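Read the structure below first, then the notes.
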Amino acid sequence: DVQLQASGGGLVQAGGSLRLSCAASGFTFGDYAIGWFRQAPGKEREGVSCIGSYDGITTYAGSVKGRFTISSDNAKNTVYLQMNSLKPEDTAVYYCAARRRYYSGSYAPFEMWSYDYWGQGTQVTVSS
């Protein structure tokens, strides 16, 4: 069975850090890009960052660039999202998702319809 297990969320003060993990299983990890998305209460889900496990190319949303870092450990089939200098507006449920390499070459990085598999989400709360 395909699984994407997101973890690492929690409560942190503004300016603090968290590291999210996305553990993948049930598909060929090296053939997929992994994206992180987030959804705050009352808002639409938005793309945060993504990485191609096959080439290491990363993309960031403007709102997190310079503060978040995405990385991939292909030996562990796991993608990490290091989040530094957190702000209250980063509060959301964070989801990881996987899409085939083909889509990464043809479509924008955060086209949600192009992602085949989704994890269950992990809550990040940043207090002011």
Side-chain angles (χ1 to χ4, degrees):
D1 291 347
V2 171
Q3 282 195 333
L4 287 171
Q5 185 71 36
S7 62
L11 173 64
V12 65
Q13 288 188 331
S17 298
L18 283 173
R19 188 177 81 155
L20 305 184
S21 299
C22 176
S25 62
F27 61 94
T28 305
F29 186 78
D31 290 340
Y32 282 74
I34 303 296
W36 283 99
F37 295 79
R38 66 187 182 186
Q39 188 165 18
K43 295 188 176 181
E44 292 187 352
R45 191 171 298 188
E46 62 177 359
V48 174
S49 183
C50 66
I51 185 169
S53 58
Y54 38 84
D55 60 12
I57 292 177
T58 60
T59 303
Y60 297 93
S63 59
V64 307
K65 195 172 293 186
R67 300 187 298 123
F68 291 10
T69 302
I70 192 170
S71 61
S72 178
D73 185 339
N74 287 15
K76 295 182 178 180
N77 286 4
T78 300
V79 168
Y80 304 97
L81 185 68
Q82 178 67 43
M83 306 187 296
N84 298 329
S85 303
L86 282 162
K87 304 175 181 180
E89 51 263 44
D90 294 318
T91 295
V93 177
Y94 282 70
Y95 300 89
C96 60
R99 74 173 182 181
R100 285 173 287 167
R101 179 175 185 168
Y102 165 79
Y103 289 110
S104 295
S106 304
Y107 299 96
F110 302 130
E111 292 281 1
M112 281 180 276
W113 65 266
S114 67
Y115 284 79
D116 298 306
Y117 310 121
W118 289 82
Q120 84 291 358
T122 185
Q123 176 71 48
V124 171
T125 303
V126 184
S127 64
S128 57

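In what follows, every heavy atom counts, from backbone to side chain, and hydrogens, waters and symmetry copies are set aside. Fair warning: this is a prediction, and the values are worked out from it, not measured in the lab.
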Could you state the interatomic distance from CH2 (Trp36) to CG (Leu81), rounded to the nearest 0.5 Å?
-> 6.0 Å
How long is the span from the CZ atom in Phe29 to the OH atom in Tyr54, to the nearest 0.5 Å?
-> 11.0 Å
Under the side-chain contact (heavy atoms from CB on, under 4.5 Å) criterion, do Tyr95 and Leu4 qualify, and how do the steps go?
-> CA-CA 9 Å; Tyr95 300 89; Leu4 287 171; over 6 Å; no
Going only through I, L, V, M, F, W and Y residues with side-chain contacts under 4.5 Å, is there a path from Met112 to Val93?
-> yes
Ile70 backbone acceptor or donor facing Tyr60 side chain under 3.5 Å = yes
Hey, what do you get for CD (Gln3) to CD (Gln120), rounding to the nearest 0.5 Å?
-> 9.0 Å
Ile34 with Phe110, same ILVMFWY side-chain cluster at under 4.5 Å | no
Salt bridge flag under 4.0 Å for residues Arg38 and Asp90 | yes
Extract all donor-acceptor atom pairs below 3.5 Å that involve side chains of residues 18-27 and protein atoms in other chains or at least two apart in sequence.
none

Gap separating the OG atom of Ser72 from the CD1 atom of Ile57, nearest 0.5 angstrom = 13.0 Å
Answer yes if Val124 and Tyr80 sit in the same cluster of Ile, Leu, Val, Met, Phe, Trp and Tyr residues linked by side chain heavy atoms under 4.5 Å apart, and no otherwise.
-> no
With no hydrogens and no angle check, is any side-chain donor or acceptor of Thr91 less than 3.5 Å from a backbone partner on Val126?
-> yes
For the pair Phe37 and Trp118, name the ring-plane relationship: parallel under 30°, tilted 30 to 60°, perpendicular over 60°.
-> tilted
Is a side-chain donor or acceptor of Ser63 paired with a backbone partner of Ala61 at a separation under 3.5 angstrom?
-> no
Shortest non-hydrogen pair, Ala33 vs Tyr115, comes out as O-CE2, 4.4 Å
d(Leu86 CG, Phe68 CZ) to nearest 0.5 Å is 5.0 Å
Evaluation steps, side-chain contact (heavy atoms from CB on, under 4.5 Å), between Met83 and Tyr94 | CA-CA 12 Å; Met83 306 187 296; Tyr94 282 70; 3.9 Å; yes
Could you grab the distance from atom OG of Ser114 to atom OH of Tyr102, nearest 0.5 Å is fine?
-> 10.5 Å
Hey, mind stepping through Gln82 and Ser71 against side-chain contact (heavy atoms from CB on, under 4.5 Å) and telling me if it holds?
-> CA-CA 8 Å; Gln82 178 67 43; Ser71 61; over 6 Å; no
Side-chain donor-acceptor pairs under 3.5 Å in residues 5-17, sequence neighbours left out?
unit_1	atom_1	unit_2	atom_2	d
Ser17	OG	Asn84	OD1	2.9

Is it true that Asp31 and Arg100 make a salt bridge, defined as a side-chain N closer than 4.0 Å to a carboxylate O?
-> no
Ring pair (Phe, Tyr, Trp, His ring centres under 6.0 Å) filter on Tyr103, not counting sequence neighbours, yields Tyr107, Trp113
